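Note that the structure is a prediction, hence the values are computed from the model and not measured.
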Amino acid sequence: MLISRCCVDAAEEVAADQHDVQGFAVENYEKTYPRSPRSPRSPRSPITDVFPASPVLRVFEEMEKINLEELERYEVALALPEKGELGLRFDLIDSAATIVKEIAPGVVTAWNNSCEERQIICVYDRLLSVNGTQADSTLAVVDALRSTKDSPTLRLMLERPEVKKVALKKAEGADIGIMVNLTATALGLVITGVEENGLMAEWNAKNPRITVQRHDRIVEVDGVSSSPRDLLDAIVQGESVVLTVVHYSLRS
């Protein structure tokens with residue numbers, strides 16, 4: 001369907017869009033990762049909910065403050081007791097990228113409360129490998145996670161996204177020139193293509209260091225984070241928009 005020259009792939013919602021990894025974590029995970037004396041932490045400071053009615057964590061304000069070159073990739077090693085939950089849920093909408101969607105109570109929450117700041121697992125981080133197995137596709141990730149069920153340790157390599165601000169001003173008759181995957185349960189709008197002609201192509205030409213590419217995600221419009229449908233409506237209806245886009249090291 002074509003909406004104001006912003007091409008939308010209205011994907012069907014499928015069970016695979018969110019993978020709930022359970023059965024690894026801990027009956028009493030505080031014993032495994034003792035809580036430090038400081039106050040409990042959640043991944044990054046909140047600004048706005050991705051979905052107002054959901055527990056998805058809020059991260060963008062702090063992401064913009066950190067040195068992304070230093071924190072681009074990091075590894076964690078999680079001890080996996082026999083009972084409990086890992087507490088990680090993933091967005092699998094883009095088959096090339098497994099993105100942390102939610103952090104629920106479990107081993108990961110305990111890890112985040114006791115690890116170094118640079119190793120906190122955050123919503124929007126991308127999973128790169130599981131126990132040394134490369135996560136080249138979402139299917140490979142699911143298989144790798146299932147294969148670790150009897151393993152005492154889970155080693156994850158993750159990547160922080162780069163956060164970009166993109167300002168577009170629409171002239172009369174101008175096309176935005178992007179294709180997006182519109183799925184209600186996704187984390188933002190997944191960009192599936194950038195047309196050769198359009199406002200986004202012009203932005204890319206003028207801003208070669210912060211170009212918008214396939215696999216990037218639009219997660220805020222004018223500083224407001226909401227459902228994918230509301231994000232799309234805001235882009236289409238606004239005369240001038242500032243997009244918050246997260247980018248991963250994926251080939252476009």
Side-chain angles (χ1 to χ4, degrees), residues 6-21 50 56 59-60 63 68-69 71-76 86 88-103 121-148 154-164 166 176-196 200-201 203-204 208-220 225 227-228 231-232 235 243-252:
C6 178
C7 185
V8 178
D9 174 15
E12 295 291 333
E13 293 183 35
V14 294
D17 69 343
Q18 176 176 299
H19 184 66
D20 189 355
V21 183
V50 175
V56 174
V59 296
F60 302 116
M63 277 185 173
L68 289 168
E69 290 184 0
L71 299 182
E72 184 178 9
R73 294 187 178 189
Y74 65 101
E75 187 172 22
V76 303
L86 180 62
L88 273 182
R89 295 181 174 89
F90 297 104
D91 180 320
L92 305 181
I93 295 300
D94 185 345
S95 62
T98 301
I99 308 300
V100 177
K101 180 174 184 177
E102 182 182 341
I103 298 173
I121 299 174
C122 298
V123 172
Y124 288 100
D125 288 355
R126 174 186 166 220
L127 185 59
L128 300 177
S129 68
V130 178
N131 284 355
T133 300
Q134 295 299 310
D136 296 328
S137 67
T138 54
L139 182 60
V141 169
V142 172
D143 289 342
L145 288 170
R146 286 174 176 166
S147 70
T148 65
L154 181 65
R155 291 185 295 107
L156 305 178
M157 178 70 75
L158 299 106
E159 175 187 59
R160 307 266 190 219
E162 178 185 356
V163 181
K164 306 176 181 181
V166 177
I176 298 173
I178 59 172
M179 293 168 282
V180 298
N181 181 319
L182 177 63
T183 302
T185 54
L187 285 175
L189 291 169
V190 180
I191 296 174
T192 59
V194 177
E195 297 178 354
E196 293 184 1
M200 195 63 78
W203 168 271
N204 286 347
R209 296 186 63 183
I210 46 174
T211 60
V212 175
Q213 306 167 26
R214 182 185 176 200
H215 301 299
D216 289 356
R217 293 176 183 239
I218 300 170
V219 294
E220 290 182 351
S225 179
S227 69
L231 290 172
L232 180 62
I235 295 170
L243 310 178
T244 302
V245 178
V246 293
H247 168 77
Y248 304 93
S249 60
L250 290 163
R251 294 182 179 179
S252 61

Quick one: closest heavy-atom pair of A186 and P228, and the distance? O-CG, 3.6 Å
Once you round to the nearest 0.5 Å, how far does OG of S249 lie from CD of E72? 5.5 Å
As an exercise, state the distance from OH of Y124 to CG of L158, rounded to the nearest 0.5 Å. 16.0 Å
Output all residues satisfying side-chain contact (heavy atoms from CB on, under 4.5 Å) with A201, sequence neighbours left out; order by chain, then residue number. none
Partner residues of Q134 under the side chain to side chain donor-acceptor pair (under 3.5 Å) criterion, sequence neighbours left out: none
Restricting to non-hydrogen atoms, name the atom on V246 and the atom on V163 that form the minimum distance, rounded to 0.1 Å. CG1-CG2, 4.4 Å
Looking only at heavy atoms, what is the nearest atom pair of L231 and G188, with distance? CD1-CA, 3.9 Å
Do the side chain of D143 and the main chain of A140 share a donor and acceptor less than 3.5 angstrom apart? no
Do you know the tightest heavy-atom contact between S225 and E220? CB-CG, 3.8 Å
Heavy-atom check, side chain of F90 versus side chain of V100, under 4.5 Å: yes
Test item: L127 and L156 side chains (from C-beta on) under 4.5 Å apart, heavy atoms: yes
When you check the gap from the basic side-chain N to the acidic O, do R217 and D91 get nearer than 4.0 Å? yes
Is any side-chain heavy atom of L88 less than 4.5 Å from a side-chain heavy atom of I103? yes
Going from OG1 on T98 to CD on E159, what distance comes out if it is rounded to the nearest 0.5 angstrom? 12.0 Å
Within a strict 4.5 Å, meaning less than it, do heavy atoms of the H215 and Y248 side chains meet? no
Set of side chain to side chain donor-acceptor pair (under 3.5 Å) partners for S129, sequence neighbours left out: none
By side-chain contact (heavy atoms from CB on, under 4.5 Å), S95 pairs with (sequence neighbours left out) T138
Considering residues at least two apart in sequence or located in another chain, which fulfil the side-chain contact (heavy atoms from CB on, under 4.5 Å) criterion with I210? E162, K164, W203, N207
First locate atom CG of L92, then atom NZ of K101, and finally report the distance between them rounded to the nearest 0.5 Å. 9.0 Å
Point-to-point distance, once rounded to the nearest 0.5 Å, from CD1 of I121 to CZ of R160: 8.5 Å
For the residue pair L187 and V219, establish whether any side-chain heavy-atom pair is separated by less than 4.5 Å. no
Could you pull out all residues at least two apart from I218 that satisfy side-chain contact (heavy atoms from CB on, under 4.5 Å)? I178, L189, I191, V221, I235, L243, V245
Quick one, M200 and E195 - any side-chain contact, counting heavy atoms below 4.5 Å? no
In Å, rounded to the nearest 0.5 Å, how long is the span from CG of L182 to OG of S227? 8.5 Å
